[in-house]
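So you know, we letter chains A, B, ... as the sequences are listed, proteins then strands, and number each from 1. If you're wondering where the values come from, they're calculated on a predicted model, not measured in any experiment.
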Amino acid sequence: MFSPREKETFKGAQKGLERCSQMYKKYFIADLVNGLDRLEGSTVRVCGWLHNLRDVGRIKFLVVRDRTGTIQAVFKRGCCGEEEFRRIGKLRLETVLCVEGVLARGRTREGVEVKGERVEILSEPVEPLPLEPATSLEAGLATRLNYRWLDTRNPWVNGIFRFEALVAKAFRDYFRERGFVEIFTSKIVAAGTESGAEVFPVIYFGREAYLAQSPQFYKQMAVIGGFERVFEIGPVFRAEPHHTTRHLTEYHSLDIEMGFIEGPEDVMAEVEGFFRKIKEYAEKDPDARAVLEQHGAGEIRIPRTGIPRLSIRDAYKILEEEYGKHLPWGEDLDSEAERLLGEYASKTFDSDFIFITEYPWNARPFYTMRLEDEPDWTTGFDLLYRGLEVVTGSQREHRYEVLVSNLHDKGLNPESFKFYLDFFKHGAPPHGGAGMGLERIVMQTLRLNNIREARLLPRDPERLLP
RNA sequence: GCCGCGGUAGUAUAGCCUGGCCUAGUAUGCGGGCCUGUCAAGCCCGUGACCCGGGUUCAAAUCCCGGCCGCGGCGCCA
């Protein structure tokens with residue numbers, strides 16, 4: 001804890017707080033840095049957080065930070081009253097303030113500085129900082145998450161979420177362009193989507209309900225309901241007690257579902273188009289480029305000829321022959337196998353991505369369409385991104401009788417899926433779709449080592465706050 | 001859920017194996033002082049910690065047990 005003296009000092013700090021005379025912030029710091037030619041010599045107002053303070057006696061340097069960058073303000077003795085000047089040297093880090101002064105060329109990293117004339121304090125910390133944004137990456141992730149509002153002031157951290165927003169935009173833009181309609185489905189549901197997976201129960205006016213673990217059934221309903229092609233960005237909830245670097249109990253799913261397809265290849269083509277869109281945006285958008293650079297992420301590699309496709313049966317062979325890893329025929333891939341196949345794609349195809357297709361029936365949910373002549377195998381596919389599963393999709397079974405028999409085949413009772421089966425009774429086009437993990441895409445693109453980094457407020461089996 | 005490792009000032013760490021020399025070291029932050037161009041500024045002074053509970057022992061940060069939390073692996077998944 002903080003010493004009583006420290007606390008006492010901070011209590012006093014609130015006195016003498018100035019009223020803010022002018023709230024609107026006209027320029028971001030990057031605007032000033034980039035607009036030097038136009039703005040040099042004019043009086044500007046820089047608002048943000050006090051990132052650093054270097055007091056060299058009769059000259060004081062304030063580094064002010066906002067979302068877009070940092071800028072140095074210089075205060076020399078005589079710039080303002082003696083008392084004011086003294087007070088500037090005593091400012092605490094992360095004080096929210098506005099500096100007024102003349103924008104000038106300067107011997108700084110940015111090549112710009114503000115000849116400070118006045119400091120307006122908008123808000124001061126009331127206790128010593130538990131985490132310093134400038135160096136928050138030196139702290140453990142748990143500590144950083146406990147003080148996320150300080151952590152996200154760090155540009156490296158903030159960049160993750162600006163990039164995440166761009167991925168979401170790429171998703172919306174791409175699928176709208178492709179004729180998909182955005183839908184918003186309920187997250188309070190009466191039954192779990194896929195048998196076996198853990199759900200969070202909620203009490204719904206005295207009845208048992210669950211948080212949706214996937215919009216799967218509803219996006220299919222929307223296709224059948226005449227929308228033909230739909231997409232959704234929404235939270236999904238999984239009550240699995242994972243302790244790994246790639247699982248969350250709540251994450252954002254990017255879902256698509258499309259009608260009138262010939263096969264799973266039509267879905268894969270759209271998924272691939274979306275990842276090309278991310279690549280395009282990441283390379284075009286200056287902020288995204290800066291974030292990728294700052295994270296040392298490197299380029300997103302998608303072969304010109306297309307993302308390679310590999311049937312899981314061929315994958316078994318490659319794992320056996322190239323890596324000496326044996327998986328029983330018809331088993332799902334484990335995480336090591338996914339990592340190895342990612343490596344294989346990188347080395348063989350110079351690709352960060354590889355589609356694994358025709359997953360075995362016993363590893364896929366009942367609504368997956370099986371291959372016509374090989375019912376032990378399905379139209380189900382995964383997309384591995386740098387060795388991690390980021391997308392799962394398939395053609396769905398749209399024939400009512402086949403769905404019922406598939407349920408039986410899985411040992412499930414069609415009665416408990418009646419509400420879903422009813423969708424298929426009145427004309428359902430052949431369709432398919434995919435679900436993608438937003439945080440996983442961001443994690444892989446920026447090469448983060450824990451998915452919690454890619455989630456503003458992560459939830460895991462232990463963490464429920466902040 | 002199972003398995004492994006861990007928990008020391010606000011933060012990050014040293015010390016733990018081999019109990020006593022720990023009045024718990026270091027860096028940074030925080031508080032005070034000096035300094036006319038710093039840019040992870042520098043220098044001086046100060047402040048502040050052994051996760052919780054039980055046990056072993058003359059003696060526990062150190063050894064043992066339980067709990068909570070953290071990091072990671074597995075299963076499962078996006």
Side-chain angles (χ1 to χ4, degrees), chain A residues 1-10 12-13 51-63 70-79 85 89-90 92-94 106-110 113 115 125 127-147 150-151 194 196-198 213-214 216 235-255 332-336 338 363-365 382-385 388-393 434-444 449-452 454-455 460-463:
Chain A
M1 276 321 289
F2 305 112
S3 69
R5 197 159 99 202
E6 278 174 315
K7 282 187 173 167
E8 199 49 46
T9 322
F10 272 86
H51 189 64
N52 202 358
L53 171 66
R54 293 184 285 270
D55 184 347
V56 193
R58 293 187 191 148
I59 181 161
K60 302 180 199 309
F61 301 95
L62 273 57
V63 180
T70 56
I71 193 166
Q72 175 174 282
V74 200
F75 288 84
K76 292 184 181 173
R77 170 160 285 166
C79 66
F85 188 65
K90 296 270 169 228
R92 295 194 176 85
L93 298 186
E94 296 308 309
R107 291 165 272 171
T108 62
R109 292 231 179 85
E110 298 84 9
E113 66 184 12
K115 304 285 187 196
E127 61 173 41
L129 298 171
L131 183 73
E132 298 136 59
T135 57
S136 79
L137 296 174
E138 291 168 15
L141 184 57
T143 306
R144 291 172 43 208
L145 293 174
N146 287 340
Y147 299 101
L150 293 171
D151 185 45
E194 296 160 47
E198 293 295 321
Q213 58 183 190
S214 155
Q216 181 63 36
V236 295
F237 306 91
R238 308 263 162 117
E240 301 282 349
H242 308 114
H243 293 100
T244 78
T245 54
R246 57 188 189 283
H247 290 94
L248 295 163
T249 55
E250 179 191 18
Y251 68 91
H252 267 75
S253 183
L254 307 177
D255 272 277
D332 204 351
L333 301 177
D334 58 27
S335 44
E336 188 193 18
E338 288 176 356
R364 289 284 158 155
D382 275 7
L383 178 65
L384 307 184
Y385 182 11
L388 179 69
E389 178 184 339
V390 296
V391 180
T392 291
M436 334 186 195
L438 174 62
E439 293 83 356
R440 281 197 177 180
I441 293 170
V442 172
M443 167 166 92
Q444 291 308 87
N449 52 31
N450 192 318
I451 198 163
R452 281 158 246 231
R455 178 102 193 149
D460 62 39
E462 282 74 34
R463 179 175 293 279

Enquirer: Can you measure E240(A) atom CD to G75(B) atom C1' for me and round it to whole angstrom units?
Expert: 9 Å
Enquirer: Which whole number of Å gives the distance between the P atom of G48(B) and that of U57(B)?
Expert: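 Taking atom P in both G48(B) and U57(B), they lie 35 Å apart.
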Enquirer: Starting at CG of D151(A) and ending at P of U11(B), how long is that distance when rounded to a whole Å?
Expert: 14 Å
Enquirer: Think R92(A) has a side-chain N or O under 4.0 angstrom from the OP1 or OP2 of G31(B)?
Expert: yes
Enquirer: What do you reckon, do Y251(A) and the base of A78(B) stack, with centroid distance below 5.5 Å and planes below 30°?
Expert: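 Here the ring of Y251(A) and the base of A78(B) are stacked, with centres under 5.5 Å and planes under 30°.
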Enquirer: Answer yes or no: does a side-chain N or O of N52(A) lie under 4.0 Å from OP1 or OP2 of A41(B)?
Expert: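 It does, given that an N or O in the side chain of N52(A) lies less than 4.0 Å from OP1 or OP2 of A41(B).
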Enquirer: Which listed nucleotide (C2(B), G75(B), C35(B)) is nearest to the side chain of D55(A)?
Expert: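 When the side chain of D55(A) is considered, C35(B) is the closest of C2(B), G75(B), C35(B).
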Enquirer: Mind calculating the distance between CG (D382(A)) and P (C77(B)) to the nearest angstrom?
Expert: 10 Å
Enquirer: Could you tell me whether R92(A) and E94(A) make a salt bridge, using a distance below 4.0 angstrom between a side-chain N and a carboxylate O?
Expert: no
Enquirer: Look at all strands and tell whether E250(A) reaches a base, only sugar-phosphate, or nothing, counting heavy atoms closer than 4.0 Å.
Expert: nothing
Enquirer: Classify Q72(A) by what it touches in the nucleic acid, base, sugar-phosphate, or nothing, heavy-atom distance under 4.0 Å.
Expert: base
Enquirer: Select base, sugar-phosphate, or nothing to describe what G140(A) touches, counting heavy atoms under 4.0 Å on all strands.
Expert: sugar-phosphate
Enquirer: Remember a base hit wins even if backbone is also touched, and classify R246(A) as base, sugar-phosphate or nothing at under 4.0 Å, heavy atoms.
Expert: base
Enquirer: What contact category does V391(A) fall into here, base, sugar-phosphate, or nothing, at under 4.0 angstrom with non-hydrogen atoms?
Expert: sugar-phosphate
Enquirer: Determine the minimum heavy-atom distance between G435(A) and S253(A), stating which atoms define it.
Expert: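 Result for this residue pair: CA-OG, 4.5 Å.
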Enquirer: Between P on U11(B) and CD on E127(A), what's the gap in Å once rounded to a whole number?
Expert: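 Result: 11 Å.
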Enquirer: Given A78(B), A41(B), U28(B), identify the nucleotide with an atom nearest to the side chain of V56(A).
Expert: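 For the V56(A) side chain, the nearest candidate turns out to be A41(B).
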Enquirer: Has E198(A) got a side-chain atom pairing as donor or acceptor with R238(A)'s backbone, closer than 3.5 angstrom?
Expert: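 Not a single qualifying donor-acceptor pair exists.
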Enquirer: Among A78(B), C71(B), U38(B), find the nucleotide with the atom closest to the side chain of I451(A).
Expert: A78(B)
Enquirer: Is a donor-acceptor contact shorter than 3.5 angstrom present between the side chain of R440(A) and the base of C77(B)?
Expert: yes
Enquirer: Tell me: NE2 of H243(A) to C1' of G1(B), nearest whole Å?
Expert: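 One finds 9 Å between C1' of G1(B) and NE2 of H243(A), rounded.
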Enquirer: Can you name the residues that form a side-chain hydrogen bond (donor to acceptor under 3.5 Å, both in side chains) with T108(A), not counting sequence neighbours?
Expert: none
Enquirer: Report the nucleotide, chosen from A12(B), C69(B), U38(B), that has the shortest atom-to-atom distance to any side-chain atom of E462(A).
Expert: C69(B)
Enquirer: Pairs counted as Watson-Crick or G-U wobble with both distances under 3.5 Å: what dot-bracket string results for RNA chain B, using | for bases tied to another strand?
Expert: (((((((..((((......[....))))((((((.......))))))...(((((..]....))))))))))))....
Enquirer: Is the phosphate of A41(B) approached by R54(A) (side-chain N or O, under 4.0 Å from OP1 or OP2)?
Expert: yes
Enquirer: Can you name the closest pair of heavy atoms from A454(A) and E439(A) and give their distance?
Expert: O-CG, 3.4 Å
Enquirer: Rounded to whole Å, how long is the line connecting atom CD of E198(A) with atom C1' of C76(B)?
Expert: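 Taking atom C1' of C76(B) as the reference, CD of E198(A) is at 10 Å.
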Enquirer: Can you name the residues that form a side-chain contact (heavy atoms from CB on, under 4.5 Å) with S335(A), not counting sequence neighbours?
Expert: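 S335(A) satisfies side-chain contact (heavy atoms from CB on, under 4.5 Å) with R246(A) only.
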Enquirer: Using a heavy-atom cut-off of under 4.0 Å over every strand shown, decide if H252(A) touches base, sugar-phosphate, or nothing.
Expert: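 No contact at all - H252(A) keeps every heavy atom at 4.0 Å or more from the nucleic acid.
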Enquirer: Sequence neighbours left out, what passes side-chain contact (heavy atoms from CB on, under 4.5 Å) with A139(A)? Give chain and number order.
Expert: L131(A), T143(A), R144(A)
Enquirer: Using the C1' atom on both, measure A61(B) against C51(B) and round to a whole Å.
Expert: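 These two C1' atoms come out 12 Å apart once rounded.
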Enquirer: For RNA chain B, whose closest nucleotide is more 5', that of N449(A) or that of D334(A)?
Expert: N449(A)
Enquirer: For nucleotides C50(B) and G25(B), find the distance between their P atoms and express it as a whole number of Å.
Expert: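 Approximately 13 Å lies between the P atom of C50(B) and that of G25(B).
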Enquirer: Counting side-chain heavy atoms from C-beta on, which of C76(B), C39(B), C30(B) comes nearest to L93(A)?
Expert: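 Of all the options, the side chain of L93(A) is nearest to C30(B).
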Enquirer: I'd like the C1' distance from G53(B) over to C68(B), given in whole Å.
Expert: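 11 Å, rounded to whole Å.
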Enquirer: What are the two closest non-hydrogen atoms of I441(A) and Y385(A), and how far apart are they?
Expert: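 In terms of heavy atoms, the two residues are closest at O-CE2, 3.8 Å.
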Enquirer: May I ask you to verify if any side-chain N or O of N146(A) is less than 4.0 angstrom from the OP1 or OP2 atom of C69(B)?
Expert: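 False: N146(A) side-chain N/O out of range (4.0 Å or more) of C69(B) OP1/OP2.
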Enquirer: Please find the pair of heavy atoms, one from G89(A) and one from L53(A), that lie closest to each other, and give the distance.
Expert: O-CD2, 3.4 Å
Enquirer: Using the C1' atom as the point on both nucleotides, what is the distance between G15(B) and U23(B), in whole Å?
Expert: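 Here U23(B) and G15(B) have their C1' atoms 15 Å from each other.
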Enquirer: Please report the distance separating the P of U11(B) from the corresponding atom of G46(B), rounded so that it comes out in whole Å.
Expert: 23 Å
Enquirer: Taking ring-ring contact (aromatic ring centres under 6.0 Å, His included) as the test, write out the residues that go with H242(A), two or more places apart.
Expert: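 H242(A) satisfies ring-ring contact (aromatic ring centres under 6.0 Å, His included) with H247(A) once adjacent residues are dropped.
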Enquirer: Would you measure the distance from the P atom in U13(B) across to the matching atom in C76(B) and give it in whole Å?
Expert: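 Looking at atom P only, U13(B) and C76(B) are 34 Å apart.
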Enquirer: Do P133(A) and H51(A) have side chains that approach each other closer than 4.5 Å (heavy atoms only, starting at C-beta)?
Expert: no
Enquirer: Does C74(B) have OP1 or OP2 under 4.0 Å away from a side-chain N or O of S335(A)?
Expert: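 Answer yes for this pair, as a side-chain N or O of S335(A) is under 4.0 Å from OP1 or OP2.
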Enquirer: Closest approach to the side chain of A139(A), judged atom by atom: which nucleotide of U11(B), U36(B), A78(B) is it?
Expert: U11(B)
Enquirer: Looking at U28(B), does its base get a donor-acceptor pair with the side chain of E138(A) below 3.5 Å?
Expert: no
Enquirer: Can you say whether a donor on the side chain of E113(A) sits under 3.5 Å from an acceptor on the base of G37(B), or the other way round?
Expert: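 By the distance-only test, yes, there is a pair.
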Enquirer: Name the residue closer to the 5' end of RNA chain B, choosing between V63(A) and L388(A) according to the nucleotide with the nearest heavy atom.
Expert: V63(A)
Enquirer: If the condition is side-chain hydrogen bond (donor to acceptor under 3.5 Å, both in side chains), which residues does Y147(A) pass it with, not counting sequence neighbours?
Expert: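 With sequence neighbours excluded, Y147(A) shows a side-chain hydrogen bond (donor to acceptor under 3.5 Å, both in side chains) to no residue whatsoever.
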Enquirer: Among G72(B), G75(B), G37(B), which nucleotide has an atom closest to any side-chain atom of H247(A)?
Expert: G75(B)
Enquirer: Between C71(B) and R144(A), is there an OP1 or OP2 to side-chain N/O distance shorter than 4.0 Å?
Expert: no
Enquirer: Whether K90(A) contacts G33(B) is assessed here as follows: a side-chain N or O lying under 4.0 Å from the phosphate OP1 or OP2. Is that the case?
Expert: yes
Enquirer: Give the rounded distance in Å between these two atoms: CD of E132(A) and P of U11(B).
Expert: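 E132(A) atom CD is separated from U11(B) atom P by 10 Å.
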Enquirer: Mind checking if K60(A) touches a base, just sugar-phosphate, or nothing, with heavy atoms under 4.0 Å?
Expert: nothing
Enquirer: When the C1' atoms of A24(B) and A78(B) are considered, how many whole Å apart are they?
Expert: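 47 Å, rounded to whole Å.
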Enquirer: From the set G29(B), A78(B), G37(B), return the single nucleotide nearest to any side-chain atom of K76(A).
Expert: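 So the side chain of K76(A) is nearest to G37(B).
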Enquirer: Output the rounded distance in Å from CZ (R364(A)) to C1' (A78(B)).
Expert: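 One finds 11 Å between C1' of A78(B) and CZ of R364(A), rounded.
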Enquirer: T244(A) has a side chain; which of C35(B), G75(B), C77(B) sits nearest to it?
Expert: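 Nearest nucleotide to the side chain: G75(B).
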Enquirer: Give the nucleotide from the list G72(B), C77(B), U11(B) with an atom nearest to the side chain of T143(A).
Expert: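 Nearest to the side chain of T143(A) among the choices is U11(B).
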